[in-house]
Amino acid sequence: MTEVAAKDDARFIWPVEDTSRAPYWVYTDRELYALEQKHLFQGPVWNFLGLDIEIPNPGDYKTTFVGDAPIIMVRTMDGGVNALMNRCAHKGSLICYKPRGNVRELTCVYHNWTFDLEGKLTGVAFRKGVGGKGGVGPEFDSNDHNLVRLRVETYKGLVFGSFSQETPGFRDYIGDELIASIDRVFIKPLKVLGYHSQMLPNNWKLYAENNKDSYHASLLHVFHNTFGVVRPNMGGGIKLSDNGWHHLSYTERTPPNDDETGREKVRSLKEQYKLHDSSMMEHRLELGDLVTNSIQTIFPNLVVQQILNCLAVRQLIPRGVDSSELIWTVLGFEDDAPDMLELRLQANNLVGPAGFISMEDGCVGGFVQRAAKADPDAQTVMPMGGRGIEPSAGSRVTESAVRGFWKGWRECMKI
Amino acid sequence: MNDMLTARLTVEAFLADYMHAIDADRLEEWHAFFTEDGAYRVTTRENEELGLPLNIMSCRGHGMFKDRITALRTANIFEPHVYCHIPGALRITGVNGDVVDSESTFTVIRTTNYGDMRVFVCGRTRDRIRMTEAGPKLIERTVVLDSRQIDTLLVIPI
């Protein structure tokens, strides 16, 4: 794979000037998938790795992925967090092959090469051979064989890693406005309530787009409308980072404005059902405002979710050109009283792989993936809200954040 | 000895009825396998081993069971599919008066309309069943999936 491939490769010419259209080959091309690993995931981005509360003690580690790259997120002896490529510098074996654990140093099981928690090679088994025979040659220098180490930044307990030395610090990467919406949710110490993983039968970008697509929400996920538990025309809007890469979509309890979705004949409104038990819809305001739903994306692989009292981070991992994994880390606050914990657990029926208002996102990407395959040069269109990438106050009937995603993707991929 | 044998046969027959009802798409009967305030939850081995309380799906009381099925029938969108539950080893772990505790292993094969057929989940259930005049009823059913990965989505109960 060469450097020129993305920019000058005639196979990957974007069909329009802007991002109001996207070709289907973005979801189906295997070479493009390989290029994304290098230019995007290992490019000028901050990838979400995990939460610092998952590795509270020195030596605690958790394994994860940045694109296809296996990563170890580890708490160092002095309390910092490091992110290292989970690949031995010798023969390339995974070093940590369990999801989590505690270690004093990192030892590869294959040939016992040992690294410290900074990734520095500290030991080579039989380095000097046995009985004066074998071992490494005189030119071997340990300093040439350290683990690949990522830049790491932690913000409000969210740990991010970057392969790029050039990309700006995390705060500048997402901008003040979206920093404020992280601050809004992470107001006090967090507690992990559990994990879900959902295997999505589609290219990772179809799920990334889905999160930015506030247009689909009331049309695909009709649970609320079916059971009449919310007005379709509540207040809210879309915020975007200056470069369009990251977004926030939110809904708040305010008097309705004259929103088009309110008049749209939604499939569910034909019949009205009532919930026998609406306890999972209870919302205790806890973040100092009236926002009921807030979905924030941080390019390329993180969603920060507040849906009523359901707090979660969702990490997106590509698993091949037509498969991806979505890992939900569901959160509460450390000081939750037992009844608050119970409320969160009950409300989590709304989200996750079996979520009343989220399960459809598991299958809809697969519907696109299967249909896209036949015709890589055909295109999707994204006309809602014009062709630009602007914030939208009051209306979520727009695809501007999706166009922003493609802008970020194109800038990384130079396509 | 006789108590255990009776309990075993009763639970076995009851769980067979439960699995048949789901596999035959008689989901409107689902709530009736539980007591009025019965509880159901699906979680993963990972969450259990880490002592984490999160469920993938949970219901308490007939109302929530019915809501799940109404949503499945009317609101939720998914590619049509059916389950085939394959029961595994059943253990009776306790008999206390009219309440029987049991554990069993299971596999579910999922088949879509297009014919795509694959192992969907496997794991174990922990069931607490009360013998009532109206027959056995689940007080509590906990389904612990071996894998945390749910392929696409989970909508039909296990």
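Just so we're on the same page: letters track the sequence lines, and every chain starts at 1. Atom set for the values below is all heavy atoms of this structure, side chains included, hydrogens, waters and symmetry mates excluded.
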ask   = Does A:Glu360 offer a backbone N or O that forms a donor-acceptor pair with the side chain of B:Asn76 under 3.5 Å?
value =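 Looks like no, no N/O pair under 3.5 Å.
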request  = Could you tell me whether a side-chain N or O of A:Asp277 sits under 3.5 Å from a main-chain N or O of B:Asp67, the two making a donor and an acceptor?
outcome  =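 It does not hold such a pair.
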Who among [options] has the most heavy-atom pairs with chain B under 4.5 Å?
{"options": "A:Ser197, A:Pro99, A:Gly194", "answer": "A:Ser197"}
{"options": "A:Val351, A:Val330, A:Leu200", "answer": "A:Val330"}
{"options": "A:Asp361, A:Ile327, A:Asn202", "answer": "A:Ile327"}

Can you tell which part of [X] gets under 4.5 Å to a heavy atom of chain B, answering side chain, backbone, both or neither?
{"X": "A:Ser279", "answer": "side chain"}
{"X": "A:Lys274", "answer": "backbone"}
{"X": "A:Val192", "answer": "both"}
{"X": "A:Arg344", "answer": "neither"}
{"X": "A:Leu326", "answer": "neither"}

key: Test item: B:Arg73 and A:Tyr273 side chains (from C-beta on) under 4.5 Å apart, heavy atoms   =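 No, their side chains stay 4.5 Å or more apart.
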Tabulate, in ascending numerical order, the residues of [range] having at least one heavy atom closer than 4.5 Å to a heavy atom of chain A, or enter 'none'.
{"range": "residues 12-23 of chain B", "result": "none"}
{"range": "residues 88-104 of chain B", "result": "none"}
{"range": "residues 144-153 of chain B", "result": "B:Arg148, B:Gln149, B:Ile150, B:Asp151, B:Thr152, B:Leu153"}

Please report the interatomic distance [atom1]([X]) to [atom2]([Y]), rounded to the nearest 0.5 Å.
{"X": "A:Leu345", "Y": "B:Asn55", "atom1": "CG", "atom2": "CG", "result": "6.5 Å"}
{"X": "A:Met280", "Y": "B:Arg60", "atom1": "CE", "atom2": "CZ", "result": "15.0 Å"}
{"X": "B:Ile56", "Y": "A:Gln198", "atom1": "CD1", "atom2": "CD", "result": "9.5 Å"}

key: Smallest separation among heavy atoms of B:Arg68 and A:Ala354, with atom names   =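 Smallest interatomic distance, heavy atoms only, reads NH1-O, 2.8 Å.
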If we define contacts as heavy-atom pairs under 4.5 Å, which of [options] has the most with chain A?
{"options": "B:Ser58, B:Gly63, B:Ala71", "result": "B:Ser58"}
{"options": "B:Thr70, B:Leu154, B:Leu72, B:Thr44", "result": "B:Leu154"}
{"options": "B:Leu52, B:Leu50, B:Asn47, B:Leu54", "result": "B:Leu54"}

request  = Output the residues of residues 313-325 of chain A for which the shortest heavy-atom distance to chain B is under 4.5 Å, in residue-number order; output 'none' if no such residue exists.
outcome  =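 From residues 313-325 of chain A, the residues near chain B are A:Glu325.
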Would the number of heavy atoms belonging to other residues, nucleotides or ligands and lying under 6.0 Å from [atom1] of [X] be above 12?
{"X": "B:Arg26", "atom1": "CZ", "answer": "yes"}
{"X": "B:Arg130", "atom1": "CZ", "answer": "no"}
{"X": "A:Lys188", "atom1": "NZ", "answer": "yes"}

